[in-house]
Structures are given as structure tokens and as C-alpha cells.
Amino acid sequence: HPACSPVLQAARGYARPVAKKRKDTPSHLDDLPPTMLKKDYANLPIMSSVDDVVKRLLSLEMASQKEKLKVKKQQLVEKVRRSPSDNGSFEVQGKLKKGRVLIRTLEEHLQKHPKDRKNRRFLLMDLDRRRKMLGYLRRVNYSTFEHTCKQLDIQYSPPQPYTRRVTKRWLVKKALCIKVFQEKRKLKAAERLKQRREWQARARAAREQQE
């Protein structure tokens, strides 16, 4: 303002809040070399005779995060694969590798945006889904479970046992739910019996017409 003195203008300039610089959090995609080709072009034989400029355009240096995630998933598949021709095992076909990549990505996103409740909910859902799959693999094949956790750098924690305090209100509610369920089954059984008798009557009438 022209009426303000230079000292007051300088004081107002110093009083402005300084924007805090956010620290760059390390990403799990930093270990991917920028010269590596994308997943769709990595195994093409023609890439050995392509110009360097084309290779740079098709490399991870010019790739998006989605394409980098594809390469990361392929690397995790190679780690947990039982043999070079293994394409049908639970570790390769399951969502363990995908869940691991998505969980790391969501963790990095929430470090930058801690108030994002929607993605925090997705993170908790992915963690619960991965815990269930690891529990299944632990029951079926424990050695493969240990190898998968070691290769994917996953720490498995079994779910806590569910306990509920038994109250009189809860017992009455449970008895009512059981009674409603039994009555519903009786109604469905009567409807099925009526329908079966109608089918039998139609089949008997059709046989009598043919005779």
C-alpha cells in the first residue's frame, strides 16, 4: 500500500509463513535401473538391433509408475517361482506379489498424505487379505510359506483370537436369530415340496398323453 512505510512493508514480508519442505521418502521402486526395458518390450528379440534413442523411449526412464509396478511384480514372481516353468503355483498366481507392491505403494502415499482416510482403509483391507492368504499357505505348505515370506520381505503375524462377552441381551438376540432361521427353512422346504409335486403332476400328465 502506498501509505505504508518501508519498514512496515518489510515487516509484513517477514511475517509471511514459510512453507515447510517435505522430505522425499524413499520409494521401493528406486532399485529399478532406469535403463531396464518395460515389461512388454523386455523379451522381444528385435530390441537388440534397435537404436539407442528408441531403447531410451521404451526404458523405465520414460515409463510411468504403473509400468514400473508391472516390472516390480515380475521381479517378485521370479523370486518366489519354484521352477523356471512354474506358472500355476499359489505364489505365482496368487495376489501375494500384487498385495506386497500395492501395500508398499500405499504406505509411501500415506507418509506423504497422512489424512487420506480412503487409501488408509484400502491399506488395511489389503493387509487383512494378505494375512488370510499367508495363513492358508502356512497351513498347506509351511516350507513354501517361509520361503515366500523371506523372498518378499513379509513379516507374518497371526490374527488375534476373537472373544466376545456373553450377555443376556446377546443370548436372547442369538436365540431369536436361530428361531427366525429355522422358520425360514421350514417355509422354503414347504415351497420346494409344493414345486416338486407340481413337476411330478406335469410329468405324469405328459406320460398319460403319450400313452
Side-chain angles (χ1 to χ4, degrees), residues 15-42 58-82 86-167 169-170 173-174 177:
R16 291 174 183 173
V18 179
K20 295 182 179 180
K21 294 183 179 179
R22 295 181 179 178
K23 297 181 180 179
D24 294 334
T25 56
S27 176
H28 67 287
L29 302 176
D30 294 339
D31 57 345
L32 296 175
T35 56
M36 182 183 292
L37 296 175
K38 300 177 185 178
K39 182 183 176 183
D40 299 334
Y41 307 100
L58 300 179
S59 63
L60 295 182
E61 184 181 357
M62 305 292 181
S64 60
Q65 187 181 13
K66 185 177 180 180
E67 294 170 336
K68 291 180 180 180
L69 290 176
K70 288 182 181 180
V71 177
K72 192 69 176 180
K73 292 174 189 177
Q74 187 64 27
Q75 288 184 354
L76 296 178
V77 167
E78 296 298 333
K79 285 184 178 181
V80 300
R81 183 169 283 173
R82 301 179 185 179
D86 179 21
N87 293 319
S89 61
F90 179 79
E91 309 89 77
V92 175
Q93 285 192 347
K95 296 184 179 180
L96 290 174
K97 58 183 186 305
K98 184 178 178 181
R100 191 256 192 189
V101 173
L102 290 178
I103 287 170
R104 290 289 177 89
T105 307
L106 288 175
E107 286 176 351
E108 294 170 5
H109 174 77
L110 290 173
Q111 287 179 2
K112 298 179 182 178
H113 310 281
K115 294 185 179 181
D116 192 351
R117 297 182 180 179
K118 183 178 180 180
N119 282 315
R120 187 175 296 278
R121 177 174 172 268
F122 289 154
L123 175 63
L124 295 176
M125 291 170 62
D126 289 337
L127 287 171
D128 187 49
R129 191 180 299 112
R130 188 180 71 177
R131 187 184 297 113
K132 289 179 181 179
M133 289 189 291
L134 286 174
Y136 168 76
L137 188 62
R138 186 168 180 250
R139 293 192 305 269
V140 173
N141 195 340
Y142 190 78
S143 60
T144 308
F145 161 77
E146 283 188 334
H147 176 72
T148 305
C149 290
K150 184 178 179 182
Q151 293 297 327
L152 298 182
D153 194 14
I154 297 174
Q155 185 177 2
Y156 174 74
S157 57
Q160 298 295 328
Y162 177 75
T163 56
R164 184 188 180 95
R165 183 183 175 186
V166 179
T167 59
R169 180 180 180 182
W170 181 78
K173 185 177 180 180
K174 184 178 179 181
C177 292

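- Side chains of Asp153 and Arg104 form a contact here, defined as non-hydrogen atoms less than 4.5 Å apart.
- Summarising the geometry of Lys68 relative to Leu60, their closest heavy-atom pair is CE-O, 3.4 Å, with the distance given to 0.1 Å.
- Between Lys70 and Glu67, no side-chain nitrogen of the basic residue sits less than 4.0 Å from a carboxylate oxygen of the acidic one, so the salt-bridge criterion is not met.
- For the residue pair Tyr156 and Cys149, the shortest heavy atom distance occurs at CB-SG, 4.5 Å.
- Here the straight-line distance linking atom CG of Leu134 with atom OG of Ser157 works out to 9.5 Å at 0.5 Å rounding.
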In sequence, state the C-alpha distance, the side-chain angles, and the governing distance for Asn119 and His113, and then conclude on side chain to side chain contact (heavy atoms under 4.5 Å, CB included). CA-CA 10 Å; Asn119 282 315; His113 310 281; over 6 Å; no
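- Atom-to-atom distance recorded for Leu102:CG and Leu127:CG is 11.0 Å, nearest 0.5 angstrom.
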What's the verdict on side chain to side chain contact (heavy atoms under 4.5 Å, CB included) for Thr105 and His109, showing C-alpha distance, side-chain angles and the deciding distance? CA-CA 6 Å; Thr105 307; His109 174 77; 5.7 Å; no
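- Rounding to the nearest 0.5 Å gives a distance of 10.5 Å between CD1 of Ile103 and CG of Leu152.
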Trace of the side chain to side chain contact (heavy atoms under 4.5 Å, CB included) decision for Thr144 with Arg82: CA-CA 9 Å; Thr144 308; Arg82 301 179 185 179; 3.8 Å; yes
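- Note that CD of Gln111 and CG of Leu106 are 11.5 Å apart. Values are rounded to the nearest 0.5 Å.
- The OG atom of Ser59 sits 10.5 Å away from the CE atom of Met36 when rounded to the nearest 0.5 Å.
- Under the salt bridge (charged side-chain N to carboxylate O under 4.0 Å, His left out) criterion, the residue pairs touching residues 114-126 are Asp126-Arg129, with sequence neighbours excluded.
- Remark: side-chain polar atoms of Asp30 are paired, donor with acceptor, to backbone N or O of Ser27 under 3.5 angstrom.
- Counting heavy-atom neighbours within 6.0 Å of Tyr136 OH, excluding the residue itself, gives a total of 12 or less.
- Looking at heavy atoms from C-beta onward, Leu69 lies in side-chain contact with His28 at the 4.5 angstrom threshold.
- Here the closest non-hydrogen pair linking Lys79 and His147 is O-NE2, 3.6 Å.
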